[in-house]
Amino acid sequence: QLAEKSYLLSDYVKTEWRQTAIDGAEQSGNTSLLEFEVIRDLTSAIQKAEADILDKYHAAPSKFILDNKTEFYKKDVSFLQNESIKMPSVVAIGSERGWIDEERDVFTKRGFVPKKISSRILRTETAFITSLFPFLN
(Lines give C-alpha, C1' and ligand atoms only; values in the text may rest on other atoms or scores of the structure.)
Protein backbone atom coordinates (compact mmCIF):
# COMPACT_ATOMS: atom_id res chain seq x y z
CA GLN A 1 0.00 0.00 0.00
CA LEU A 2 2.82 2.44 0.76
CA ALA A 3 4.96 1.69 -2.27
CA GLU A 4 5.33 4.41 -4.87
CA LYS A 5 3.00 3.24 -7.65
CA SER A 6 5.25 4.61 -10.42
CA TYR A 7 8.13 2.42 -9.18
CA LEU A 8 6.60 -0.59 -10.91
CA LEU A 9 6.79 1.35 -14.17
CA SER A 10 10.45 2.32 -13.73
CA ASP A 11 13.23 1.19 -16.04
CA TYR A 12 14.87 -0.61 -13.10
CA VAL A 13 11.86 -2.85 -12.52
CA LYS A 14 11.23 -3.36 -16.23
CA THR A 15 14.74 -4.25 -17.38
CA GLU A 16 17.66 -3.06 -15.25
CA TRP A 17 17.16 -5.50 -12.35
CA ARG A 18 18.29 -8.34 -14.60
CA GLN A 19 21.66 -6.73 -15.39
CA THR A 20 22.15 -6.03 -11.68
CA ALA A 21 21.48 -9.71 -10.94
CA ILE A 22 23.86 -10.81 -13.72
CA ASP A 23 26.59 -8.45 -12.48
CA GLY A 24 26.20 -9.79 -8.95
CA ALA A 25 26.30 -13.41 -10.12
CA GLU A 26 29.40 -12.78 -12.22
CA GLN A 27 31.18 -11.03 -9.39
CA SER A 28 30.35 -13.83 -6.95
CA GLY A 29 31.36 -16.61 -9.34
CA ASN A 30 27.82 -18.04 -9.25
CA THR A 31 25.92 -18.88 -12.42
CA SER A 32 22.38 -19.00 -11.03
CA LEU A 33 19.95 -16.10 -11.35
CA LEU A 34 16.86 -15.23 -9.40
CA GLU A 35 13.39 -15.09 -10.86
CA PHE A 36 11.59 -11.75 -10.73
CA GLU A 37 7.92 -11.07 -11.32
CA VAL A 38 5.65 -8.16 -10.46
CA ILE A 39 2.32 -9.17 -8.92
CA ARG A 40 0.19 -6.29 -7.70
CA ASP A 41 -1.97 -8.14 -5.13
CA LEU A 42 -0.22 -9.20 -1.92
CA THR A 43 -2.25 -12.32 -1.19
CA SER A 44 -1.92 -13.50 -4.81
CA ALA A 45 1.84 -12.92 -4.72
CA ILE A 46 2.24 -14.97 -1.53
CA GLN A 47 0.07 -17.79 -2.86
CA LYS A 48 1.96 -17.87 -6.18
CA ALA A 49 5.35 -17.92 -4.47
CA GLU A 50 4.31 -20.75 -2.17
CA ALA A 51 2.75 -22.76 -5.04
CA ASP A 52 5.74 -22.23 -7.35
CA ILE A 53 8.14 -23.44 -4.69
CA LEU A 54 6.02 -26.47 -3.85
CA ASP A 55 5.81 -27.35 -7.56
CA LYS A 56 9.53 -26.90 -8.17
CA TYR A 57 11.06 -28.22 -4.93
CA HIS A 58 8.26 -30.32 -3.41
CA ALA A 59 8.99 -28.62 -0.10
CA ALA A 60 7.47 -25.79 1.88
CA PRO A 61 9.68 -22.69 1.88
CA SER A 62 11.13 -20.78 4.79
CA LYS A 63 9.29 -17.45 4.77
CA PHE A 64 10.59 -14.08 5.95
CA ILE A 65 9.17 -10.56 5.90
CA LEU A 66 11.80 -7.82 6.10
CA ASP A 67 10.56 -5.28 8.62
CA ASN A 68 11.99 -3.07 11.36
CA LYS A 69 8.71 -2.26 13.13
CA THR A 70 9.18 -4.19 16.35
CA GLU A 71 6.10 -2.77 18.09
CA PHE A 72 3.78 -4.61 15.67
CA TYR A 73 5.36 -7.95 16.56
CA LYS A 74 5.64 -7.03 20.25
CA LYS A 75 9.26 -8.21 20.23
CA ASP A 76 12.54 -7.15 18.71
CA VAL A 77 12.98 -8.22 15.12
CA SER A 78 16.28 -10.06 14.70
CA PHE A 79 18.62 -9.84 11.73
CA LEU A 80 18.10 -12.12 8.73
CA GLN A 81 21.89 -12.50 8.53
CA ASN A 82 21.78 -14.35 11.87
CA GLU A 83 19.18 -16.81 10.61
CA SER A 84 20.03 -20.37 9.68
CA ILE A 85 18.56 -20.29 6.19
CA LYS A 86 16.70 -23.32 4.91
CA MET A 87 16.17 -23.50 1.20
CA PRO A 88 13.90 -22.92 -0.58
CA SER A 89 12.91 -19.54 0.88
CA VAL A 90 10.64 -16.58 0.21
CA VAL A 91 11.72 -13.12 1.36
CA ALA A 92 9.14 -10.30 1.27
CA ILE A 93 10.74 -6.89 0.73
CA GLY A 94 8.62 -3.78 1.05
CA SER A 95 9.12 -0.26 -0.15
CA GLU A 96 11.22 2.32 1.68
CA ARG A 97 8.00 3.41 3.39
CA GLY A 98 7.55 -0.07 4.85
CA TRP A 99 4.50 -2.22 5.34
CA ILE A 100 1.12 -1.26 6.76
CA ASP A 101 -0.19 -3.27 9.71
CA GLU A 102 -2.79 -5.05 7.55
CA GLU A 103 0.01 -6.31 5.27
CA ARG A 104 2.07 -7.41 8.27
CA ASP A 105 -0.98 -9.31 9.51
CA VAL A 106 -1.37 -11.10 6.15
CA PHE A 107 2.28 -12.16 6.25
CA THR A 108 2.23 -13.40 9.85
CA LYS A 109 -0.98 -15.36 9.26
CA ARG A 110 0.77 -17.06 6.31
CA GLY A 111 3.74 -18.05 8.50
CA PHE A 112 6.27 -15.36 7.58
CA VAL A 113 8.87 -14.62 10.25
CA PRO A 114 9.79 -10.94 10.65
CA LYS A 115 13.49 -10.15 10.15
CA LYS A 116 15.55 -7.05 9.47
CA ILE A 117 18.71 -6.59 7.45
CA SER A 118 19.67 -3.19 8.82
CA SER A 119 18.68 -0.77 11.54
CA ARG A 120 18.44 1.86 8.80
CA ILE A 121 15.84 2.32 6.10
CA LEU A 122 17.26 1.01 2.82
CA ARG A 123 16.19 1.65 -0.74
CA THR A 124 14.18 -1.28 -2.06
CA GLU A 125 16.84 -2.33 -4.56
CA THR A 126 19.54 -2.12 -1.86
CA ALA A 127 17.39 -4.20 0.48
CA PHE A 128 16.92 -6.76 -2.30
CA ILE A 129 20.66 -7.13 -2.91
CA THR A 130 21.48 -7.13 0.81
CA SER A 131 18.82 -9.73 1.59
CA LEU A 132 20.64 -12.20 -0.67
CA PHE A 133 23.78 -12.33 1.50
CA PRO A 134 22.52 -15.01 3.94
CA PHE A 135 21.74 -17.29 0.98
CA LEU A 136 25.21 -17.10 -0.56
CA ASN A 137 26.94 -19.51 1.82
Side-chain angles (χ1 to χ4, degrees):
Q1 292 296 323
L2 299 177
E4 175 59 46
K5 306 307 181 230
S6 66
Y7 188 76
L8 293 176
L9 305 174
S10 71
D11 288 340
Y12 186 83
V13 171
K14 288 180 183 176
T15 58
E16 294 173 20
W17 72 269
R18 184 163 177 77
Q19 188 57 52
T20 301
I22 291 169
D23 291 346
E26 288 174 352
Q27 183 177 354
S28 70
N30 189 328
T31 58
S32 61
L33 286 178
L34 301 170
E35 295 178 33
F36 180 81
E37 182 177 355
V38 175
I39 301 173
R40 297 177 191 272
D41 173 75
L42 179 60
T43 302
S44 297
I46 293 170
Q47 290 170 341
K48 181 170 183 352
E50 291 170 337
D52 287 353
I53 287 174
L54 280 173
D55 287 346
K56 186 172 183 175
Y57 299 102
H58 307 290
S62 297
K63 298 183 277 189
F64 305 101
I65 172 178
L66 296 184
D67 199 353
N68 286 343
K69 188 174 179 188
T70 59
E71 56 271 13
F72 176 83
Y73 304 102
K74 299 184 175 47
K75 64 177 183 174
D76 190 24
V77 176
S78 62
F79 287 95
L80 180 66
Q81 295 88 326
N82 297 337
E83 186 69 25
S84 175
I85 303 294
K86 177 183 84 123
M87 296 296 284
S89 296
V90 175
V91 179
I93 302 170
S95 71
E96 292 90 345
R97 296 178 183 141
W99 304 102
I100 62 171
D101 287 348
E102 289 80 7
E103 292 168 329
R104 289 180 178 97
D105 193 46
V106 168
F107 282 115
T108 54
K109 285 181 178 174
R110 300 287 303 209
F112 280 73
V113 177
K115 294 291 177 181
K116 61 186 172 185
I117 53 176
S118 175
S119 344
R120 299 173 186 240
I121 295 171
L122 302 176
R123 291 177 55 157
T124 303
E125 55 271 29
T126 304
F128 166 71
I129 300 287
T130 306
S131 71
L132 298 178
F133 294 153
F135 298 93
L136 298 177
N137 294 326

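Numbers for residues simply follow the sequence, beginning at 1. What you see below is based on every heavy atom in this structure, not just the backbone, and it leaves out hydrogens, waters and symmetry mates.
Remark: Asp41 CG to Lys48 NZ distance equals 13.5 Å, nearest 0.5 Å. Once rounded to the nearest 0.5 Å, the distance linking CD of Glu16 with CG of Asp23 reads 11.0 Å. In this structure, CG in Asp67 is found 12.5 Å from CG in Leu80, a value given to the nearest 0.5 Å.
Scanning for side chain to side chain contact (heavy atoms under 4.5 Å, CB included) contacts around Thr124 gives Tyr7, Ile93, Ser95, Glu96, with sequence neighbours left out.
Taking the six-membered ring for Trp and the full ring otherwise, Phe107 and Trp99 have centroids separated by under 6.0 Å.
Residues Val90 and Leu54 do not share a hydrophobic cluster, clusters being chains of Ile/Leu/Val/Met/Phe/Trp/Tyr side chains in contact below 4.5 Å. Hydrophobic clustering keeps Val77 apart from Leu122 (ILVMFWY residues linked when any side-chain heavy atoms are closer than 4.5 Å, directly or through intermediates). A chain of hydrophobic side-chain contacts below 4.5 Å, direct or via other Ile, Leu, Val, Met, Phe, Trp or Tyr residues, connects Tyr73 to Ile46. No path of Ile, Leu, Val, Met, Phe, Trp and Tyr side chains, each step under 4.5 Å between heavy atoms, connects Phe79 with Ile117, placing them in separate hydrophobic clusters. Under the 4.5 Å side-chain heavy-atom criterion for Ile, Leu, Val, Met, Phe, Trp and Tyr, Val113 and Ile65 are members of distinct hydrophobic clusters.
Glu50 is listed as a side-chain neighbour of Arg110, based on a closest heavy-atom distance under 4.5 Å. Between Val106 and Glu103 there is no side-chain heavy-atom pair separated by less than 4.5 Å. Looking at Glu125 and Ile129, their side chains never come closer than 4.5 Å, going by heavy atoms from C-beta outward.
The 12-atom threshold is not exceeded at OH of Tyr57, counting heavy atoms of other residues, nucleotides or ligands nearer than 6.0 Å. For Gln19, the CD atom sits in a packed shell: over 12 heavy atoms of surrounding residues, nucleotides or ligands are nearer than 6.0 Å. More than 12 non-hydrogen atoms from other residues, nucleotides or ligands lie less than 6.0 angstrom from CD1 of Ile22.
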Using side-chain contact (heavy atoms from CB on, under 4.5 Å), reason through Thr130 and Ser118 one step at a time and then give a plain yes or no. CA-CA 9 Å; Thr130 306; Ser118 175; over 6 Å; no
Starting from the C-alpha separation in whole Å, work towards a yes-or-no answer on side-chain contact (heavy atoms from CB on, under 4.5 Å) for Thr20 and Phe128. CA-CA 11 Å; Thr20 301; Phe128 166 71; 5.8 Å; no
Test log, rule side-chain hydrogen bond (donor to acceptor under 3.5 Å, both in side chains), inputs Ser78 and Lys115: CA-CA 5 Å; Ser78 62; Lys115 294 291 177 181; 2.7 Å; yes
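Asp76 and Lys116 are joined by a salt bridge, as a carboxylate oxygen and a charged side-chain nitrogen come within less than 4.0 angstrom of each other.
Of all heavy-atom pairs spanning Ile53 and Ser89, the tightest one is CD1-O, 3.9 Å.
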